[in-house]
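One structure is given here, and the rest of the page talks about it.
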Amino acid sequence: MTSVKEKLIFLFLVIASVLLALSIGRYPLHPAEIIRALINPGEMDQTTGIILFNLRLPRILAAFFVGAALSLSGAVFQTIFKNPMVSPSVLGASSGAAFGAALAILLGLGQVFIQFFSFLTGLGAVMIAVLLSSLGKRKSRNLLLVLSGMLVNTFFTSLISLVKYVADPQNTLPTITYWLMGSLAESEMHKSIFMGVVVLLCGTLLYLMRWRIAALSLGEDEIRSLGIDPRVYRFIVIVCTTLLTSAAVSISGVIGWVGLVVPHIVRLWIPNNFSRMLWTSVFTGGLYLLLIDTVSRAITPLEFPLGILTSIIGAPFFAYFLLKES
Amino acid sequence: MITMEIKNLSAGYGNKTIIRDINFSIRSGEILTLLGANGQGKTTLLKNMAGFMKPFSGTVSIEGEDIRKMDKKTLAGYLAYVPQNHVTGIAFTVRDMVVLGRIAKCSFYASPAKKDYEEANRSLERLGLLHLAEKNYQELSGGEQRLVLIARALTQDTKIILLDEPVSNLDMGNQIKVLKVLSELSDKGIGIIVSSHFPEHSLWLNALTVILRGGTLTDYDRAEKVITGETLSDLYGTPISVRNNNGSRYCEPLFVQEMQNKFKNTGESA
């Protein structure tokens, strides 16, 4: 019952945050005005409509879904790798996706291709890491996976540097650099819907298998002895988190910190109920990134890179929680 | 009643053979202890019996069926495993740890249902642990943790439980508690297989005992027949004698005598 109450509280928080975020910006709108416009779209003037539905809503949705995706992936990875310092990028999804985007920008391809390239190279990078690790002995598969991930990360980071090095310093290089810092300024409805679908599908699957994921945090032999095959579930989990992370990077660039620290903090709140911890991570991650993005829109008319803000605003905030809870 | 049989089993890592041509069997309701000095193949044997490793040759079978050919779920229905070292990635409550014993019986997308938690509670109650149900598993003492994992094995509802050194790192009181539980479970018809560094425990439980030396099985019989001063001295590389005090047996290393003599001498000279 308490869990239902908590879910309702989160739902309320999401609605309130979305309304607030819709009203904040260079052209402020009163929340009441927004609600009136939503109930009765016919009476809305055209400017308000464009601001609400073409500019702000896609961006708000993207912020929420990207935050949720990163935080969920982080929560799941930290569990199956039995390591609280693991982030969704551990197997190379972020650096792979970032490389794809950088390459697409270098080649002068359009927005859709940037997203597409980025998504595919993210998936590819993790595939390389998983294949590499499967060549080793079964005994230390988890460790091998993380090491292969580090290798793939380093490799793609070097490729990114290479792309930057050959990029035209007058226009292509700054575009790549800004893209990599993370931004939601280019949000469009189709991107947000894509992100939403990925979060919904992968999130549902991960949530359904939450008991198995919790079991994956035990020893390898122990899991087998309980009668389930850890390889199957680990594979499904890695596919889902990779889809989530690559999709997130492909529409927003590299936004660090959320996938590492949000699940970490959530675990301090909810130490021993995995199911609650999982969906709390989803909502907290989503709300956190929405908050940061709204702040970034509110404080400056310039587009401030999100990757920078998440850590600058996040660090002291989370430091407080860490100290308080430990 | 079911029978687990180890036949001509050889196994190891890479191309290094650790255990060679092992043969013995155990039935549900019996206790079997595996004794052997460090590095003699106890762990390798136990891992093969649990189906974690692929043997080089030979088989481990339950009711005549090779456990390597069973699917994981079937095997988990026959055999539960209680690990020694236990690290988890997330914190579990005791009840959540115990209810994991039911996971193979539930569907892919299931979470533990009321019925599963009732099973978990029953196991906890059987071992007198119900008061710990809401506690954080990680915060329990070593002895309590071991008992909780045994409760999980009970929840798995198997005919055989394999335990990897279940009393290591426990104080004496907890050691006895675990031994008592194992003895009670065997009375209820569960087969108990234990790797151990304590020959005395085998004697106290009057268990079937397998002694491994250099990777081969050198003795296999009731503890009172197998565990002699000669065998132990040879096995552990230090002189040990087995004393019989009105039928209750205990092991006494020569060291005890030496120390006694030393204290006697210093006492006299003082």
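Because the structure is predicted, anything quoted here is derived from the model rather than measured.
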### Task
Look at B:Ala91, B:Ala50, B:Ala76 and state which one has the largest set of heavy-atom pairs under 4.5 Å with chain A.
B:Ala91

### Task
Please indicate whether A:Met127 has more than 12 foreign heavy atoms, meaning atoms of other residues, nucleotides or ligands, lying under 6.0 Å from its CE.
no

### Query
Side chain, backbone, both or neither: which part of B:Leu79 has a heavy atom under 4.5 Å from chain A?
backbone

### Message
Can you tell me if A:Lys82 has over 12 outside heavy atoms packed within less than 6.0 Å of its NZ?
### Response
yes

### Query
Would you find more than 12 non-hydrogen atoms of other residues, nucleotides or ligands less than 6.0 Å from A:Phe155 atom CZ?
no

### Message
If we ignore hydrogens and angles and just use 3.5 Å, is the side chain of B:Gln156 paired with the main-chain N or O of A:Ser225 as donor and acceptor?
### Response
yes

### Query
So among A:Glu220, A:Glu222, A:Arg224, which one has a side chain to side chain contact (heavy atoms under 4.5 Å, CB included) with B:Phe52?
A:Arg224

### Task
Could you tell me whether B:Lys72 atom NZ has more than 12 heavy atoms of other residues or ligands within 6.0 Å of it?
yes

### Task
Measure the CG-CD distance between A:Asn272 and B:Glu134 for me, rounded to the nearest 0.5 Å.
9.0 Å

### Side chain / backbone / both / neither for A:Arg212 at chain B, heavy atoms under 4.5 Å
both

### Query
If you measure from CD1 on A:Ile80 to CD1 on B:Ile90, what distance do you get to the nearest 0.5 Å?
11.5 Å

### Query
How would you list, in number order, the residues of residues 96-117 of chain B that have a heavy atom less than 4.5 Å from chain A?
B:Asp96, B:Met97, B:Val99, B:Leu100, B:Gly101, B:Arg102, B:Ile103, B:Ala104, B:Cys106, B:Ser107, B:Phe108, B:Tyr109, B:Ala110, B:Ser111, B:Pro112

### Summary
When the 4.5 angstrom heavy-atom criterion is applied to A:Phe81 and chain B, the contacting part is neither

### Task
Can you tell which part of A:Ile270 gets under 4.5 Å to a heavy atom of chain B, answering side chain, backbone, both or neither?
neither

### Partner chain B: residue of A:Pro84, A:Ser217, A:Pro271 with the largest heavy-atom pair count (under 4.5 Å)
A:Ser217

### Message
Below 4.5 Å, heavy-atom pairs only: which of A:Leu226, A:Leu216, A:Ile228 has the largest tally toward chain B?
### Response
A:Leu226

### Message
Tell me the closest heavy-atom pair linking B:Phe92 and A:Ala214, and the distance in Å.
### Response
CZ-O, 3.4 Å

